[in-house]
**Q** 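Before we start, here is the structure in question, set down as structure tokens.
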Protein chains: 2
Amino acid sequence: MEYTVAMREAKAVINVKSLKEQVYEYLRQQFQKHRLQPGTMINMESTAKKLGISKTPLRDALLQLEIEGFVTISPRRGIFVSSLPLHEVKEFYQVIGALENSALLESYPKLGAVGIKKMDTLNRQMQKAIERNDFDLFYEKNLLFHNCFIDPCGNKNLSRIIGNLKKRLYDFPRQRQWIKEWEESSIREHQEIVDFLAAADPAAAALFLRDVHWSYEVQEKYIRKYYEPSERKGV
Amino acid sequence: MEYTVAMREAKAVINVKSLKEQVYEYLRQQFQKHRLQPGTMINMESTAKKLGISKTPLRDALLQLEIEGFVTISPRRGIFVSSLPLHEVKEFYQVIGALENSALLESYPKLGAVGIKKMDTLNRQMQKAIERNDFDLFYEKNLLFHNCFIDPCGNKNLSRIIGNLKKRLYDFPRQRQWIKEWEESSIREHQEIVDFLAAADPAAAALFLRDVHWSYEVQEKYIRKYYEPSERKGV
DNA sequence: CTATCATACCTGATATATCAGATATCAGTT
DNA sequence: AACTGATATCTGATATATCAGGTATGATAG
């Protein structure tokens with residue numbers, strides 16, 4: 001596990017965040033940067049020493065990460081980075097599909113032409129990102145596309161639940177090669193959704209979102225390619 | 001805050017649960033028994049002393065309860081029992097409605113006549129519980145009714161999300177008087193769902209479940225009576 | 001009387017020490 | 001060689017001490 005000195009330097013300014021929060025965010029970044037691979041062990045003693053803090057806030061952060069599913073704490077044996085098995089990907093797809101379907105139906109009266117246009121614009125930006133092989137930008141715009149109808153829903157709990165599930169979906173497997181075909185398929189699906197909305201048919205859009213875009217069965221060949229633990233490439 | 005000696009006596013047998021887990025469950029029971037009212041402060045020093053443990057496992061348990069929404073930790077100021085405002089009840093209703101709708105559609109092929117009969121039976125038991133003014137039994141059967149189509153779905157994450165939201169819905173306001181009219185209305189709605197399923201129309205059942213049974217707007221007059229902080233009765 | 005500053009107190013956050021269960025290793029017996 | 005028990009080590013869990021931010025109270029100046 002590699003560390004930066006960012007954690008220590010942060011102590012030089014007025015901290016408005018508790019150590020626990022800082023450690024939590026640091027560890028979340030480690031997940032995003034794929035420095036924490038599924039199965040690897042996080043040693044509290046050495047980690048706390050390297051971060052220059054006591055074990056207490058580290059433990060606090062790890063307890064939160066356990067509740068969120070990122071790590072598994074085996075008492076007195078070790079703390080391990082969780083894996084993301086396919087059946088759990090499937091469960092996440094079902095939950096997100098149901099909730100985004102509901103969010104879109106709820107948001108539709110508030111979207112208007114401006115909101116639909118924004119979704120269209122974001123989808124075009126996703127297309128451009130693919131052409132430039134800029135997959136980080138693709139995913140950023142992808143999240144923003146979905147947030148166009150999640151945020152106006154105004155349901156913080158719904159947003160929180162979806163957000164947590166997406167963190168797990170997107171952080172864990174990103175060491176894998178992007179599947180360009182999947183990204184292009186996503187863009188076409190987004191366009192279908194936009195077209196339904198532009199044609200004033202939110203019910204069709206919400207159904208397509210749930211039963212195609214967030215359907216494990218429809219997306220299965222891509223999901224397997226992306227999440228299945230076979231012939232790992234070296235990082 | 002009152003305590004039993006159950007926590008201390010538990011130390012006399014072989015503990016397979018960590019202190020943190022035991023404290024967590026103890027505090028959850030306090031919520032269920034309405035010993036912890038919204039707004040009240042939980043003092044860590046005195047609580048730990050009364051439980052006969054150090055502050056560390058108590059803090060661990062409280063961190064989990066905060067993530068689950070039961071308490072709010074104001075750093076260095078105090079830990080307070082959360083309230084459940086109406087807008088959050090509304091958010092929970094939307095999330096649960098969307099997820100149970102999805103679960104019912106997924107479970108239907110596995111339900112069969114046996115599963116539908118079981119739901120019918122549980123609903124009749126709910127009716128009997130109302131006639132006997134046994135509201136604890138009513139709620140137990142109510143949860144089991146819904147679990148008839150949540151469990152066969154086999155989606156642990158979906159169950160966990162719904163379960164956590166229901167804990168908040170059911171634990172917080174139970175000091176209030178039962179609304180018999182609402183319970184009887186719920187039983188009629190359950191019967192509608194059972195009838196749709198018996199008529200091999202899962203889509204209608206799932207829609208009714210989401211858009212009537214878990215509709216905040218439809219249930220609003222009962223929800224307000226039950227959750228609105230007006231003319232509190234002494235405990 | 002009001003405003004400002006200093007001090008005391010309260011509370012959760014963090015650091016450090018110790019404990020306790022799980023696992024690995026070693027020694028003795030059959 | 002296989003089995004059993006003892007011991008050592010590892011690791012997270014817990015206990016205790018101390019810290020640090022927030023609030024209340026008292027003293028002083030204008």
**Q** With respect to the side chain of Asn43(A), which nucleotide from dT11(D), dT11(C), dA15(D) is positioned closest?
**A**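 Given the options dT11(D), dT11(C), dA15(D), the side chain of Asn43(A) is closest to dT11(D).
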**Q** What's the CD1-P distance between Ile79(B) and dC10(C), to the nearest Å?
**A**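 Computing the Ile79(B):CD1 to dC10(C):P distance gives 17 Å.
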**Q** Mind calculating the distance between CD (Glu21(B)) and C1' (dG12(D)) to the nearest angstrom?
**A**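 From Glu21(B) CD to dG12(D) C1': 13 Å.
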**Q** Rounded to the nearest angstrom, tell me the gap between atom CG in Leu58(B) and atom P in dT16(D).
**A**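 It works out to 14 Å between those atoms.
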**Q** Whether the side chain of His34(A) engages the backbone of Gln32(A) through a donor-acceptor N/O pair (distance < 3.5 Å, no angle test) should be reported.
**A**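 It does hold such a pair.
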**Q** Check salt bridge (charged side-chain N to carboxylate O under 4.0 Å, His left out) between Glu45(A) and all other residues, then give those that pass, not counting sequence neighbours.
**A**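 So Glu45(A) forms a salt bridge (charged side-chain N to carboxylate O under 4.0 Å, His left out) with Lys55(A).
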**Q** Identify, residue by residue, the members of residues 67-76 of chain A with a heavy atom below 4.0 Å from DNA chain C, and return them in order of residue number, or none.
**A**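 Close to the strand are Arg76(A).
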**Q** Describe the nucleic acid contact of Lys20(A) in one word from base, sugar-phosphate, nothing, applying a heavy-atom distance below 4.0 Å.
**A**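 Result for Lys20(A) = sugar-phosphate.
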**Q** Here's a test of your reading of the structure: between Arg77(A) and Lys55(A), which maps to the more 5' nucleotide of DNA chain C?
**A**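 It is Lys55(A), whose closest nucleotide lies nearer the 5' terminus.
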**Q** Give the rounded distance in Å between these two atoms: NZ of Lys49(A) and P of dT14(C).
**A**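 Those two atoms, NZ and P, are 20 Å apart.
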**Q** If you measure from the Lys or Arg side-chain nitrogens to the Asp or Glu carboxylate oxygens, is any gap between Asp171(A) and Lys166(A) under 4.0 Å?
**A**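 Between Lys166(A) and Asp171(A) there is no salt bridge, as every charged N stays at least 4.0 Å from the carboxylate O atoms.
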**Q** Return the 5'-most residue of the pair Glu45(B), Ser54(B) with respect to DNA chain D, ranking by each residue's nearest nucleotide.
**A**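 Nearer the 5' end of the strand: Ser54(B).
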**Q** Given atom CG of Leu19(B) and atom P of dG12(D), what is their separation to the nearest angstrom?
**A**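 In whole Å, dG12(D) P lies 18 Å from Leu19(B) CG.
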**Q** Quick test of your reading of the model: are Lys90(A) and Glu220(A) salt-bridged, counting only N-O distances below 4.0 Å?
**A**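 No, this pair does not count.
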**Q** Which of these nucleotides, dT14(C), dG12(D), dT14(D), is closest to any side-chain atom of Met41(A)?
**A**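 In terms of side-chain proximity for Met41(A), the closest of dT14(C), dG12(D), dT14(D) is dG12(D).
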**Q** Quick one: does any side-chain atom of Asn147(B) pair with a main-chain N or O of Ile150(B) as donor and acceptor, under 3.5 Å?
**A**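 No; judged by distance alone, with no hydrogens or angles, the pair does not exist.
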**Q** Grab the CD1-P distance between Ile53(B) and dT16(D) for me, whole Å please.
**A**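 One finds 11 Å between P of dT16(D) and CD1 of Ile53(B), rounded.
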**Q** Any chance the rings of Phe149(B) and His146(B) have centres within less than 6.0 Å?
**A**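 When the ring centroids of Phe149(B) and His146(B) are compared, they turn out to be within the sub-6.0 Å range.
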**Q** Could you state the CD-C1' distance from Glu66(B) to dG12(C), rounded to the nearest angstrom?
**A**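 After rounding, the reported distance stands at 12 Å.
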**Q** In whole Å, I'd like the distance from the NZ atom of Lys17(B) to the C1' atom of dG12(D).
**A**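 The distance from NZ of Lys17(B) to C1' of dG12(D) comes to 19 Å, rounded to the nearest Å.
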**Q** Can you confirm whether Lys156(A) is buried at NZ, in the sense that more than 12 heavy atoms of other residues, nucleotides or ligands lie under 6.0 Å from that atom?
**A**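 No, because the 6.0 Å sphere around NZ of Lys156(A) holds 12 heavy atoms or fewer from other groups.
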